[in-house]
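This report refers to the structure that appears directly beneath it.
Along the sequence shown, residues are numbered consecutively beginning with 1.
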Amino acid sequence: MPTPVREAALAAIAARLPAQMPDVALDRARRSPVDTDVEPLPRMILRGEGIDADDTQEPGRTHYQIGFTVLAISRAGSDLVLEQTLSVLHARIAAALAGWVPNILNLGDVAEQGAEFVLYDAEDSAKPAGECAARFSILAVTPTGDPNIP
């Protein structure tokens with residue numbers, strides 16, 4: 001049974017991150033907020049975003065740019081150490097994904113799109129905590145009219 005390119009890409013990413021960062025837990029498509037005072041941190045959340053299709057690049061083929069975000073959440077003993085920790089997490093995520101090409105037919109390389117860093121307000125977390133939202137896209141190319149991985 002064929003797998004939609006978006007699902008194949010997200011599954012490949014969900015396998016890559018823990019392999020490259022085994023000390024950081026990964027949740028996929030988590031909607032519930034992370035309790036930064038109780039849950040083990042750091043942790044990552046992989047969230048699929050939109051998909052853009054372009055059938056003008058190559059006759060009979062559609063080029064899909066599949067967006068996704070890796071949210072890295074951590075806490076630390078001080079605001080400064082937290083900010084430094086989030087910078088390190090971002091660098092590790094980028095090193096694990098940017099330029100990587102999954103070994104799956106029709107999937108191409110991962111491109112970094114940017115990142116945002118947020119330190120949570122004191123009323124939102126008893127300890128210094130925050131997040132880095134690293135945004136990426138991955139290329140998938142399939143025959144026009146068949147957005148699946150065989």
**Study point:** Interatomic distance, Ile73 atom CD1 to Leu71 atom CG [nearest 0.5 angstrom]
**Key:** 4.0 Å
Check your understanding: Should Ile13 and Leu46 count as side-chain neighbours, where that means a heavy-atom distance under 4.5 Å?
Key -> yes
Exercise for review: Could you tell me which residues satisfy ring-ring contact (aromatic ring centres under 6.0 Å, His included) with Phe68, sequence neighbours excluded, listed by chain and number?
Suggested key: Phe136
Review point. Roughly how far, to the nearest 0.5 Å, is CG of Leu119 from SG of Cys132?
Key: 11.0 Å
Check your understanding: For Ala133 and Thr69, which heavy atoms make the closest approach, and how far apart are they?
Key -> CB-CG2, 4.0 Å
Practice item. Using the test side-chain contact (heavy atoms from CB on, under 4.5 Å), find all partners of Asp27 that sit at least two apart in sequence or belong to another chain. Key: Arg30, Arg43, Ile45
Revision key, fill the gap. When every non-hydrogen atom of Ile104 is compared with those of Ala8, the smallest separation belongs to CD1-O, 4.3 Å
Check your understanding: Side chains of Ile51 and Val5: does their closest heavy-atom pair fall under 4.5 Å?
Key -> yes
**Study point:** For Leu89, the option from Gln84, Met44, Met21 that meets side-chain contact (heavy atoms from CB on, under 4.5 Å)
**Key:** Met21
Review point. Given side chains that start at C-beta, do those of Arg61 and Thr142 come closer than 4.5 Å, heavy atoms only?
Key: no
Review point. Does Asp35 have any side-chain contact (heavy atoms from CB on, under 4.5 Å) partners at least two apart in sequence or in another chain, and if so, which?
Key: Asp37, Val38, Glu39
Point to revise | Between CZ on residue Arg16 and CG on residue Leu26, distance to nearest 0.5 Å | key: 13.5 Å
Check your understanding: Which residues pass the side-chain contact (heavy atoms from CB on, under 4.5 Å) test with Ala122, sequence neighbours left out?
Key -> none
Review point. Do any pairs count as a ring-ring contact (aromatic ring centres under 6.0 Å, His included) and have a residue in residues 12-36, sequence neighbours left out, and if so which ones?
Key: none
All N/O donor-acceptor pairs, side-chain side in residues 90-102, below 3.5 Å, sequence neighbours left out:
from  : atom 1 : to     : atom 2 : distance (Å)
His90 : NE2    : Glu112 : OE2    : 2.9
Arg92 : NH1    : Asp23  : OD2    : 3.1
Arg92 : NH2    : Asp23  : OD1    : 2.7

Revision key, fill the gap. For residues 20-48, the ring-ring contact (aromatic ring centres under 6.0 Å, His included) pairs (sequence neighbours left out) are none
Exercise for review: Could you tell me which residues satisfy salt bridge (Lys or Arg N to Asp or Glu O under 4.0 Å) with Glu49, sequence neighbours excluded, listed by chain and number?
Suggested key: none
Check your understanding: In Å, rounded to the nearest 0.5 Å, how long is the span from CD of Glu131 to OG1 of Thr36?
Key -> 10.0 Å
Review point. Do the non-hydrogen side-chain atoms of Ser74 and Leu86 ever get within less than 4.5 Å of each other?
Key: yes
Practice item. Hey, could you give me each pair passing side chain to side chain donor-acceptor pair (under 3.5 Å) that has a residue in residues 3-15? Not counting sequence neighbours. Key: Glu7-Arg28
Review point. Taking the side chain as C-beta and beyond, is there a heavy-atom pair between Pro128 and Val81 under 4.5 Å?
Key: no
Exercise for review: Please report the shortest heavy-atom distance between Ser137 and Gln65, naming the atom on each side.
Suggested key: OG-OE1, 3.2 Å
Point to revise | Partners meeting ring-ring contact (aromatic ring centres under 6.0 Å, His included) with His63 (sequence neighbours left out) | key: none
Check your understanding: Under the salt bridge (charged side-chain N to carboxylate O under 4.0 Å, His left out) rule, what pairs show up with a residue in residues 97-108, not counting sequence neighbours?
Key -> none
Review point. Residues in side-chain contact (heavy atoms from CB on, under 4.5 Å) with Ala53, at least two apart?
Key: Thr62, Tyr64
Point to revise | Residue pair Leu41 / Val34: nearest heavy atoms and the distance that separates them | key: CD2-CG1, 3.9 Å
Exercise for review: Identify the two heavy atoms, one from Ile66 and one from Ala9, that lie closest to each other, and give their separation to 0.1 Å.
Suggested key: CD1-CB, 4.0 Å
